[in-house]
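Whatever order the structure lists ligands and atoms in, that order sets their numbers, starting from 1. In this chain, numbering begins with 1 at the start of the sequence shown.
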Amino acid sequence: MHGTHNRSGCSVAFLTIHIETVKQTASTNADMKTLAEQGSVAEGFWLRAVRQSGGVGRLGRPWSSPEGNLYCSTVVDMHENDPAPSSLSFVAGLAVYTVIRSYLPGTEMILKWPNDVLVSQAKICGILLERVKNQVVVGIGVNIAVSPDVEGRLVTSLAAEGATTGAAEFLTRLSDIFEGLLKTWRERGFAHIQAEWLELAHPVGSMMSTSDERGEKIAGEFAGLTADGALRLRKADGTLIEIRAGDISIG
Ligand code: BTN
């Protein structure tokens, strides 16, 4: 889908954004994966569900999806010279951060590796990337009106932080910002996105921990990102390790 204007008339260089909303589905990511398998979905298409009956989170966890929040998915085509697909996590995280910031200009917010956005130190969104053939499905959930429980996490929503908007309006802004950042990612490279992300993330030197494949805790200080977006952690003995998957806790 190529053009110079999206449906609402906003100029988005050469890409037409099309948003389709359904009342309910199991998972917008599952639906987008089916479309991608069939080769029948183009970049710029966004699917939103008012509620999901089988929302999926990272690491196979369920994603509680009551009415009132945003549940949406889009696809990104992978071209030969594009940055690593996993780096789209940072594009999505930055896009969500930017839109939330527009509603909450004075609130404490940080980006947390790999794609969390923390508002008042609590989780407000979830991002799930899934590869299908030469496309990446990018699924985004944002707590707009309600803050469903997430095990072991403090959770908040835009409403709880004092912002009034709806999921549809949020997605209009998000799709626009996402497509702009995607253009930057493709044309200027992941390094540019990474630099913007680092400005808004936990500072280098922050103490954090994660667990290895055997569940053993690994702690250290944040030492930046590798060129492809892995987290660098400096352990107390000075060893530098790279983390490519999993969750981290700050502090
Ligand atoms: C996470 O565990 O933090 C990621 C959650 C991703 C949830 C979104 S909601 C829209 C899309 N559809 C899904 O089933 N999952 C993603």
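Per-residue contacts place Gly126 under 4.0 angstrom from the following atoms of ligand 1 (heavy atoms of the residue considered): 1 (C), 3 (O), 4 (C), 5 (C), 6 (C). Close contacts between ligand 1 and Gly141 involve ligand atoms 8 (C), 9 (S) [criterion: under 4.0 Å to a heavy atom]. Counting atoms of ligand 1 from 1 in the listed order, those under 4.0 Å from a heavy atom of Gly55 are 14 (O). Residue Lys123 has at least one heavy-atom neighbour below 4.0 Å for each of these atoms of ligand 1: 3 (O). Per-residue contacts place Thr28 under 4.0 angstrom from the following atoms of ligand 1 (heavy atoms of the residue considered): 10 (C), 11 (C), 12 (N). Applying the 4.0 Å criterion to heavy atoms of Arg58 picks out, from ligand 1, the atoms 1 (C), 2 (O), 4 (C).
Residue pairs that meet the ring pair (Phe, Tyr, Trp, His ring centres under 6.0 Å) test with at least one member in residues 144-183, sequence neighbours left out, are Trp46-Phe178, Tyr103-Phe170.
At least one N or O atom of Ser27, backbone or side chain, sits closer than 3.5 Å to an N or O atom of ligand 1. Not one N or O of Leu128 is nearer than 3.5 Å to an N or O of ligand 1, by distance alone. Every N/O-N/O distance between Ser73 and ligand 1 stays at or above 3.5 Å.
Counting only heavy atoms from C-beta outward, the side chains of Leu200 and Arg101 never approach each other to under 4.5 Å.
Within 6.0 Å of atom CD in Gln121, 12 or fewer heavy atoms from other residues, nucleotides or ligands are found, so the atom counts as exposed in its surroundings. Counting heavy atoms of neighbouring residues, nucleotides and ligands inside a 6.0 Å radius, atom CZ of Arg153 exceeds 12 of them. By the neighbour-count criterion of 12 heavy atoms within 6.0 Å, atom CD of Glu199 is sparsely surrounded, having that number or fewer from other residues, nucleotides or ligands.
Ranking the protein heavy atoms by distance from atom 5 (C) of ligand 1 puts Trp63 CE3, 3.4 Å first. From the protein, the heavy atom lying nearest to atom 4 (C) of ligand 1 is Ile127 N, 3.4 Å.
Residues Ser27 and Asn29 have side chains that never bring a donor and an acceptor to within less than 3.5 angstrom of each other.
A side chain to side chain contact (heavy atoms under 4.5 Å, CB included) with Val117 is found for one member of Val142, Ile124, Val99 and no other, namely Ile124.
The shortest non-hydrogen separation linking Val155 to Val150 is CG2-N, 3.8 Å.
When non-hydrogen atoms are compared, ligand 1 lies under 4.0 Å from neither the backbone nor the side chain of Asp116. Contacts with ligand 1 closer than 4.0 Å are made by backbone heavy atoms (N, CA, C, O) of Ile140 only, the side chain lying farther away. With a 4.0 Å heavy-atom cut-off, ligand 1 is reached by the backbone of Cys72 but not by any atom from C-beta on.
Ring pair His202/Phe222 is perpendicular by interplanar angle, where above 60° counts as perpendicular and below 30° as parallel.
Which of Asn29, Val56, Leu70, Asn69 comes nearest to atom 6 (C) of ligand 1 through a heavy atom is settled by distance: it is Val56.
Qualifying side-chain hydrogen bond (donor to acceptor under 3.5 Å, both in side chains) partners for Ser53, counting only residues two or more places apart in sequence or in other chains: none.
Heavy-atom distances between Gln52 and ligand 1 reach below 4.0 Å in at least one pair.
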